[in-house]
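First the proteins, then the strands, lettered A, B, ... as listed; each starts at 1. Just so it is clear, the values below take in all heavy atoms, side chains as well, and ignore hydrogens, waters and symmetry mates.
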Number of protein chains: 2
Amino acid sequence: MRLSTKGRYAVTAMLDLAINGKNGPVTLAEISENQGISLSYLEQLFAALRGKDLVRGVRGPGGGYYLGKSADEISIANIICAVDEWVEFTRCGGRQNCSGGARCLTHTLWDDLSTEIFNFLANITLGDLVKRNLGKKTGQEDNPLSVVADSRSEAA
Amino acid sequence: MRLSTKGRYAVTAMLDLAINGKNGPVTLAEISENQGISLSYLEQLFAALRGKDLVRGVRGPGGGYYLGKSADEISIANIICAVDEWVEFTRCGGRQNCSGGARCLTHTLWDDLSTEIFNFLANITLGDLVKRNLGKKTGQEDNPLSVVADSRSEAA
DNA sequence: TGATTACCGAGTGATTTAGTAGGTAATTAC
DNA sequence: GTAATTACCTACTAAATCACTCGGTAATCA
């Protein structure tokens, strides 16, 4: 799992699309204007998103982009993986010969953590984000985003 | 929150330190050997980790590095933030004049998600990772890393 | 036919990544 | 003392990535 500014741009653009695409397609020019991302960079990002069927483009006047599927079916992990392709970090991949030493133990731990982070982001959908924010707006008091955040968060 | 290969190197190195530093300091040369990371790059990473008191160096023969505090007090977020400094993504920061439009709504959503990811990683310590792995080794059947991973993980 | 929009490829300065090289400072062992 | 070892520090660099510009082509609508 990799979370760079590129992934953020993609998530931000997809959020914009989820919010503004309710009735009719949204043009990249609009997203560019709304989010302050250059048009050409958006084109690159959407080429990747299109490849994973996360968005669907319609050409011509009145055209633009739709979400490729329902916002509830698109996870944050989906978006990030589409633009920020997965790089295998541990060279051994678990199967090579850094046999049993401290190196492979560390790699195993990293792999497990990596999987956990991925699952975490795979469990948050675009729909979740939008819905939670609406809930907040209607006067909810608890932090509606706290799925896991609990006590021991003195870490900073 | 930013999660790059640099952060991974740092987490991996810190894991190595947590595992091998039980009795005596660990040299960067050992970590370099164990994890396949160049010595000089480790020096750069550890300079940042030292700055945040996450590690403590001892010079001279028999020297090396200790964890700066207990493994249970060092979160993954701590490590990543030390080496991969926090970049504010949304230019408006919530306070500027992208007043109420779709742009700021999206930014708010992104900020909330970002906070959620941070809290998630802030709740996982080096100690957790090591302990969970030991639990796994003693023949535990459940995935000991599944803190949040539950049902709806058809996303990929 | 012309405007609009997605789609496509080449190129680019700035930044980041991961590393080399060549030191100095502190500590230990002899 | 002297030599070895280790942290600690600065400067430099090839390669990759980031975010962008430019200049197109293809489809669709009025």
When rounded to whole Å, the OH to P distance for the pair B:Y41 and D:dT10 reads 18 Å

Here the distance between atom P of C:dA26 and atom CZ of B:R50, to the nearest Å, is 13 Å

- Message: Membership question, hydrophobic clusters at under 4.5 Å side-chain separation (ILVMFWY): are A:L39 and A:V83 in the same one?
- Response: yes

* Verify the contact: side-chain N or O of B:R2 to OP1 or OP2 of C:dT17, cut-off strictly under 4.0 Å; return yes or no. => yes

Whole-Å distance, A:I37 CD1 to D:dC20 P, equals 8 Å

note: A:Y66, atom OH; D:dT28, atom P; distance rounded to Å ~ 13 Å

message = Under 3.5 Å, is there any donor-acceptor pair linking the side chain of A:S4 to the base of D:dC18?
response = no

Check: When we call it a touch if two heavy atoms are under 4.0 Å apart, what does B:S40 touch: a base, just sugar-phosphate, or nothing?
Finding: base

Taking D:dC20, C:dT28, C:dT17 as options, the one with an atom nearest any side-chain atom of B:P61 is C:dT28

So CD1 of A:I124 and CZ of A:R132: to nearest 0.5 Å the spacing works out to 5.5 Å

**Asked** What nucleic acid atoms does A:L39 come within less than 4.0 Å of, heavy atoms only: base, sugar-phosphate, or nothing?
**Response** nothing

Whole-Å distance, A:Y65 OH to C:dA6 P, equals 6 Å

Against the side chain of B:D84, the closest entry in C:dG19, C:dT17, D:dC18 is C:dT17

Taken to the nearest whole Å, CZ/B:R56 to C1'/D:dA7 is 13 Å

Atom CG of A:L45 and atom C1' of D:dC20 are separated, to the nearest Å, by 11 Å

On DNA chain C, more 5' by nearest nucleotide between B:G62 and B:V83 is B:V83

Do the rings of B:Y65 and B:F46 sit parallel, tilted or perpendicular, given the 30° and 60° boundaries?
-> tilted

Taken to the nearest whole Å, CD1/A:I31 to C1'/D:dA19 is 17 Å

With respect to the phosphate group of C:dC7, does any side-chain polar atom (N or O) of A:R59 fall under 4.0 Å of OP1 or OP2? no

Ranking B:Q44 and B:L28 by the position along DNA chain D of their nearest nucleotide, the one closer to 5' is B:L28

Look only at the side chain of A:D128 and the backbone of A:T125, and say whether a donor-acceptor pair between them is shorter than 3.5 Å.
yes

| said: Taking 4.0 Å as the cut-off, does a side-chain nitrogen or oxygen of A:T27 come that near to OP1 or OP2 on C:dT4? | reply: no

(request) Return yes if a side-chain donor-acceptor contact under 3.5 Å exists between B:D111 and B:S114, otherwise no. (result) no

Of the listed D:dT21, D:dC18, C:dC7, the closest approach to the A:E43 side chain comes from C:dC7

